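Atoms considered below: every heavy atom in the structure, side chains included; atoms not considered: hydrogens, waters and symmetry mates. All values derive from a computational prediction rather than experimental measurement.
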Amino acid sequence: MSGTVVVVGSANVDLVVDVPRHPAGGETILGGDLRRTPGGKGANQAVAAARAGGADTTFVGALGRDESAELLLASLGGAGVRTDTLDRVDAPTGTALITVSPDGENAIVVAPGANSHVRVGAAQARRIAAADVVLAQLEIPLDTVIAAARERRDGALFVLNAAPSRDLPGALWEQVDVLVVNEHEAADLAGVGAASPEALAAALLERVPAVVITLGAQGSLVARRGDEAIRVPAAEVAAVDTTGAGDTYCGVLAAALAGSGLAGLARAARLAGAAGALAVTRPGAQDAVPDAADVVALAETLGKAS
């Protein structure tokens with residue numbers, strides 16, 4: 001994989017506790033030791049694009065002037081992500097509170113902090129304009145996401161991971177080249193309630209040229225206007241922690257598209273699925289992002305999309 005990716009998004013320090021089960025409302029339970037690790041959807045995806053996807057990757061985001069920011073800068077830099085367009089602001093670095101159950105499922109609450117101040121200034125706009133793929137999520141202001149999409153050059157792709165789920169304005173819908181969502185997010189955006197992934201994709205293709213719906217252990221569904229939808233298989237793995245797995249998927253998808261363009265979407269989804277599968281076998285978010293060689297090796301065992 002080759003090409004350039006700019007990820008515009010959030011960066012958080014994850015405060016993680018293993019729990020026997022997720023607490024109900026008003027309930028207190030005892031958990032394991034507290035872990036403090038680098039996370040945030042945008043930063044996770046940038047690390048994945050660089051380390052697992054092999055792309056020349058820049059992260060556009062905002063950090064505070066605190067110890068948490070230094071942890072994130074070290075993680076991003078260690079993965080080879082460019083951080084020279086990252087702003088430092090007078091707000092606490094974003095924080096995510098995460099509980100992880102024995103089956104690897106997580107529950108997350110995010111305090112945005114500095115992520116509310118992510119912007120696209122002149123330096124960020126120049127880097128975006130040089131990218132092959134611009135990738136964004138929804139943990140930062142929508143105005144910033146729209147501004148980033150509008151700065152891409154002709155021929156570059158804007159990939160939106162529409163998470164966490166929220167209503168999208170028309171100004172954002174019209175910018176999206178590839179929409180990446182899970183089944184719940186797809187149903188929210190399509191407004192069709194319970195439906196098959198194929199039906200959800202068909203509804204979303206009325207708004208965007210291409211859709212990828214992630215299906216967890218069932219792999220993913222790839223759909224483009226005018227083409228038959230494709231099911232991409234998943235690798236069978238034992239999940240340890242699902243935190244950041246979807247972000248790993250998105251980062252590798254963007255990296256693969258930077259090298260192939262939209263014509264390579266199905267192959268990009270296969271590589272992304274392999275990366276996400278490897279990520280769930282390890283604890284943490286950025287700490288769990290695999291190396292590119294391991295991703296390619298696993299993807300080759302999955303066979304072709306069907």
- Message: Checking S101 now: which residues fulfil side-chain hydrogen bond (donor to acceptor under 3.5 Å, both in side chains) with it, not counting sequence neighbours?
- Response: D103
- Examine distances only and state if a side-chain atom of T144 and a backbone atom of V118 form a donor-acceptor pair shorter than 3.5 Å. yes
- salt bridge (charged side-chain N to carboxylate O under 4.0 Å, His left out) between R153 and D132: does it pass, once the steps are laid out? CA-CA 8 Å; R153 62 174 174 79; D132 297 308; 2.6 Å; yes
- Message: Around atom CD of E236, are there more than 12 heavy atoms from other residues, nucleotides or ligands closer than 6.0 Å?
- Response: no
- Message: Set out, in order, the CA-CA distance, both residues' side-chain angles and the distance that settles side chain to side chain contact (heavy atoms under 4.5 Å, CB included) for L278 and V237, then state yes or no.
- Response: CA-CA 8 Å; L278 289 170; V237 296; 5.8 Å; no
- Query: Judged by atom type as modelled, is there a donor-acceptor pair below 3.5 Å linking the side chain of R231 to the main-chain atoms of S220?
  - Reply: no
- Query: Among N115, N44, T95, T93, whose side-chain hydrogen bond (donor to acceptor under 3.5 Å, both in side chains) with N12 holds?
  - Reply: N115
- Task: Kindly determine whether T214 and N182 satisfy side-chain hydrogen bond (donor to acceptor under 3.5 Å, both in side chains), including the steps that lead there.
- Result: CA-CA 5 Å; T214 58; N182 63 26; 5.4 Å; no
- Distance-only, no hydrogens or angles: does the T301 side chain make a donor-acceptor pair with backbone N or O of L298 under 3.5 Å? yes
- Message: Is it the case that the side chain of R88 and the backbone of G64 share a donor-acceptor pair, with hydrogens and angles ignored and the cut-off at 3.5 Å?
- Response: yes
- Item | Sole residue of E151, R150, R127 in side-chain contact (heavy atoms from CB on, under 4.5 Å) with V120 | E151
- Rounded to the nearest 0.5 Å, what's the gap from CD on Q45 to OH on Y249? Could you check? 12.0 Å
- Query: Going from CD on E183 to CG on D188, what distance comes out if it is rounded to the nearest 0.5 angstrom?
  - Reply: 12.0 Å
- Item | P112 backbone acceptor or donor facing S116 side chain under 3.5 Å | no
- Message: Under a plain distance cut-off of 3.5 Å, with no hydrogens placed, do D287 and T37 share a side-chain donor-acceptor pair?
- Response: no
- Message: Is it true that R36 and S68 share a donor-acceptor pair across their side chains at a distance under 3.5 Å?
- Response: yes
- Query: Does the salt bridge (charged side-chain N to carboxylate O under 4.0 Å, His left out) test come out yes or no for R21 and E27, once each step is laid out?
  - Reply: CA-CA 11 Å; R21 58 181 173 78; E27 182 183 20; 2.5 Å; yes
- Checking R51 side chain against Q286 main chain: does a donor-acceptor pair fall under 3.5 Å? yes
- T85 side chain to Q124 side chain, donor-acceptor N/O pair below 3.5 angstrom: no
- Item | Heavy atoms from other residues, nucleotides or ligands near CG of L30 exceed 12 (cutoff 6.0 Å) | no
- Worked check of salt bridge (charged side-chain N to carboxylate O under 4.0 Å, His left out) between R207 and E174: CA-CA 8 Å; R207 305 295 300 268; E174 66 188 20; over 6 Å; no
- Stepwise side chain to side chain contact (heavy atoms under 4.5 Å, CB included) test for V178 and F158: CA-CA 7 Å; V178 182; F158 177 61; over 6 Å; no
- Message: Closer than 3.5 angstrom, by distance alone: can the side chain of D14 be matched with the main-chain N or O of A96 as a donor-acceptor pair?
- Response: no
- Message: For D33, I'd like to know if atom CG has over 12 heavy atoms of other residues, nucleotides or ligands within 6.0 Å.
- Response: no
- Test item: T83 side-chain N/O and L86 main-chain N/O as donor-acceptor pair under 3.5 Å: no
- Message: Can you see whether T4 engages D56 through a side-chain donor-acceptor pair at a distance of less than 3.5 angstrom?
- Response: no
- Task: Would you give the length of the straight line joining atom CG of L135 to atom CD of Q137, rounded to the nearest 0.5 angstrom?
- Result: 5.5 Å
- Message: If only side-chain N and O atoms count, and only distance matters, is there a donor-acceptor pair under 3.5 Å linking R152 with Q175?
- Response: yes
